[in-house]
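One structure below.
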Amino acid sequence: MSDICVIGGTRYFGKVLVRQLLDEGHRVTVVNRGQTPDPFGDSVRRLRADVTVSGELAAAVAGERFDAVVHQMCYTPIAAVEVCEAFGDRVGKIVLTSTIEVYNKDTFRGRTPAPPFGALARENELDPAGYDFDTELPWYSPGYLDVHYGEGKRQAEAALVRTAKVPVLLARVAHVLAAEGDFTGRLRFHLDHVRDGRPVVAHATPGRTSLVRAEEAAGFLAWAALSDATGAVNVASPDTADVYDFCAAVESATGLTAHVIEKNDPAGDPDLSPFSCPADFGMATDRVAALGYSFTPIAQWLPAVVRAAATA
């Protein structure tokens, strides 16, 4: 039995993570603002802190010791530095829930774009130890983080790697899908469009992207917390999917026909599929496989998830 701290843990696959840790017999402490009810009753210990407010996390965990911390709410280099200062060396390991979006080729404040990653990005193509971070940027100004989400995560990775006094694992999680609790609405978008007879707009010759089932993403985080693995790890099913795969799964679940319209410049179209990519945008899974951890192929789980969502 280990003592695990989960920062967040009240929504989407964060809740699944806490449940998995409890089912494995670990003692779990959740740290969050306490504004969202959770289903764990007396099974977890709760500490209150808003990680966007300087000093609150440090005050909440003062004197605490854990075998591992899984940070589900680290979106900026400020939050990364705060978690390192708050726990110091009183934790065995820090796992950051990062994202596939660190590989997005966006620009940031006129800086050089992120490196030209391959169609399947590999972990060593983005080394956080060599990436700059800036805690003075207005990360918590209204709307700023929404626009710079990928950059915030890149800088959070960089700050954590260079500031932590303990081993660090960066879980670069693919687009997460679940039948319930998906606050992103991406799966619901396709169900609603097909049911309503509305077209699903896609880029011309849409690319393929990486996905992972919520339960498997949570399972990896639980494993990573107590494993010897460190560094960046892509967390994704070994195959990829495109908008047509989603629509086919919806058609199978509903018995209805999806109408996909490809457009050369669909930006801003309200019917544009959130899973339509202008080019392939996925992650290689060689490293996670080499670590001995495997994920179920998308083709084996996507239809079941869509069917469950269609009847939820």
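Index from 1, following the sequence.
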Item to check | Nearest atoms (heavy-atom pairs only) where Gly63 meets Arg90 | outcome: N-NH2, 3.7 Å
Checklist entry - So, the side chain of Glu251 versus the backbone of Ala258: is there a donor-acceptor pair under 3.5 Å, distance only? => result yes
Checklist entry - What's the shortest heavy-atom distance between Leu191 and Thr254, and which atoms? => result CD2-CG2, 4.2 Å
Checklist entry - Do side-chain atoms of Glu262 reach the backbone of Ala202 as a donor and acceptor pair under 3.5 angstrom? => result no
Next on the checklist: We want to know whether Thr184 and Tyr12 form a side-chain donor-acceptor pair, criterion being a heavy-atom distance below 3.5 angstrom.
Outcome noted: no
Next on the checklist: Atom CG of residue position Asp196 - does it have more than 12 heavy atoms of other residues, nucleotides or ligands inside 6.0 Å?
Outcome noted: yes
Checklist entry - If you group Ile, Leu, Val, Met, Phe, Trp and Tyr by side-chain heavy-atom gaps below 4.5 Å, do Val6 and Val83 land in one group? => result no
Checklist entry - Can you name the nearest heavy-atom pair linking Ala225 to Lys93, along with the distance? => result O-CD, 3.7 Å
Next on the checklist: For residues Val161 and Leu169: do they belong to one hydrophobic cluster (side chain heavy atoms under 4.5 Å, members Ile, Leu, Val, Met, Phe, Trp, Tyr)?
Outcome noted: no
Checklist entry - Do the side chains of Phe40 and Thr10 get nearer than 4.5 Å, heavy atoms only? => result no
Item to check | Tyr103 and Asn234, any side-chain heavy atoms less than 4.5 Å apart | outcome: yes
Checklist entry - Above 12 or not: heavy atoms from other molecules or residues under 6.0 Å from CG of Asp23? => result yes
Checklist entry - Under a 4.0 Å N-O cut-off, is there an ion pair linking Asp192 with Arg198? => result no
Checklist outcome for this item: Nearest heavy-atom contact between Tyr244 and Pro206 is CE1-CG, 3.8 Å
Item to check | No-hydrogen, no-angle side-chain donor-acceptor test under 3.5 Å, Thr209 and His175 | outcome: yes
Next on the checklist: Nearest 0.5 angstrom please: Glu82 CD to Glu56 CD, how far?
Outcome noted: 9.5 Å
Next on the checklist: Taking the basic N atoms (NZ, or NE/NH1/NH2) and the acidic carboxylate oxygens, is any pair closer than 4.0 Å for Glu157 and Arg154?
Outcome noted: no
Next on the checklist: Using side-chain heavy atoms (C-beta onward) and a distance below 4.5 Å, is Arg45 in contact with Glu64?
Outcome noted: yes
Checklist entry - Taking the side chain as C-beta and beyond, is there a heavy-atom pair between Arg186 and Phe246 under 4.5 Å? => result no
Checklist entry - Salt bridge or not for Arg188 and Asp182, using N-O below 4.0 Å? => result no
Item to check | Any donor-acceptor pair under 3.5 Å from Trp301 side chain to Thr296 backbone | outcome: yes
Checklist entry - Checking Thr311 side chain against Ala308 main chain: does a donor-acceptor pair fall under 3.5 Å? => result yes
Checklist entry - Among the clusters formed by ILVMFWY side chains lying less than 4.5 Å apart, do Val70 and Val44 turn up in the same one? => result yes
Checklist entry - Counting distance only, does the side-chain N/O of Ser276 pair as donor-acceptor with the main-chain N or O of Val243 below 3.5 Å? => result no
Checklist entry - Which heavy atom in Val173 sits nearest to a heavy atom in Met283, and how many Å separate them? => result C-CE, 4.0 Å
Checklist entry - About how many Å separate CG of Leu120 and CZ of Arg122, when rounded to the nearest 0.5 Å? => result 6.5 Å
Item to check | Basic-acidic side-chain contact under 4.0 Å: Arg213, Glu216 | outcome: yes
Checklist entry - Around Arg33, counting heavy atoms of other residues, nucleotides and ligands shown, do more than 12 lie under 6.0 Å from its CZ? => result no
Checklist entry - Hey, does the side chain of Arg287 reach the backbone of Ala232 with a donor-acceptor pair shorter than 3.5 angstrom? => result yes
Item to check | Co-membership, hydrophobic cluster, residues Ile7 and Tyr140, 4.5 Å side-chain | outcome: yes
Next on the checklist: Assess, by modelled atom type and distance only, whether the side chains of Thr52 and Trp139 contain a donor and an acceptor separated by less than 3.5 Å.
Outcome noted: no
Next on the checklist: Using every non-hydrogen atom in the two residues, find where Ala312 and Ala179 come nearest and quote the distance to one decimal.
Outcome noted: CB-O, 4.5 Å
Checklist entry - Does Asp38 reach the side chain of Val18, with side-chain heavy atoms less than 4.5 Å apart? => result no
Item to check | Euclidean distance, Cys84 SG relative to Asp89 CG, rounded to 0.5 Å | outcome: 11.5 Å
Checklist outcome for this item: dist Arg27:CZ -> Phe66:CZ (nearest 0.5 Å) comes out at 10.5 Å
Checklist entry - Tell me, do Val95 and His71 make a side-chain contact under 4.5 Å, heavy atoms counted? => result no
Checklist entry - For Gln20 and Glu24, does a side-chain donor sit closer than 3.5 Å to a side-chain acceptor? => result no
Next on the checklist: Hydrophobic clustering (ILVMFWY, side-chain heavy atoms < 4.5 Å, transitive) - are Leu226 and Leu221 grouped together?
Outcome noted: yes
Checklist entry - Within the side chain of Lys153, is there an N or O that forms a donor-acceptor pair under 3.5 Å with the backbone of Thr97? => result yes
Checklist entry - Under 3.5 Å, is there a donor-acceptor pair between the side chain of His193 and the main chain of Phe189? => result yes
Checklist entry - Distance-only, no hydrogens or angles: does the Asp67 side chain make a donor-acceptor pair with backbone N or O of Asp3 under 3.5 Å? => result yes
Checklist entry - With distance as the sole test, does Arg162 use its side chain to make a donor-acceptor pair with the main-chain N or O of Pro128 at under 3.5 Å? => result yes
Item to check | Non-hydrogen side-chain atoms of Val168 and Leu96 separated by less than 4.5 Å | outcome: no
Checklist outcome for this item: side-chain contact (heavy atoms from CB on, under 4.5 Å) test vs Ile298 passes for just one of Val305, Asp245, Asp239, Leu177, namely Asp239
Item to check | Carboxylate-amine/guanidinium proximity below 4.0 Å for Glu85 and Lys165 | outcome: no
Checklist entry - Do Val200 and Cys247 have side-chain heavy atoms sitting under 4.5 Å apart? => result yes
Item to check | Pairwise distance CG(Leu21) to OG(Ser43) - rounded to 0.5 angstrom | outcome: 12.5 Å
Checklist entry - Is it true that Asp242 and Arg208 make a salt bridge, defined as a side-chain N closer than 4.0 Å to a carboxylate O? => result yes
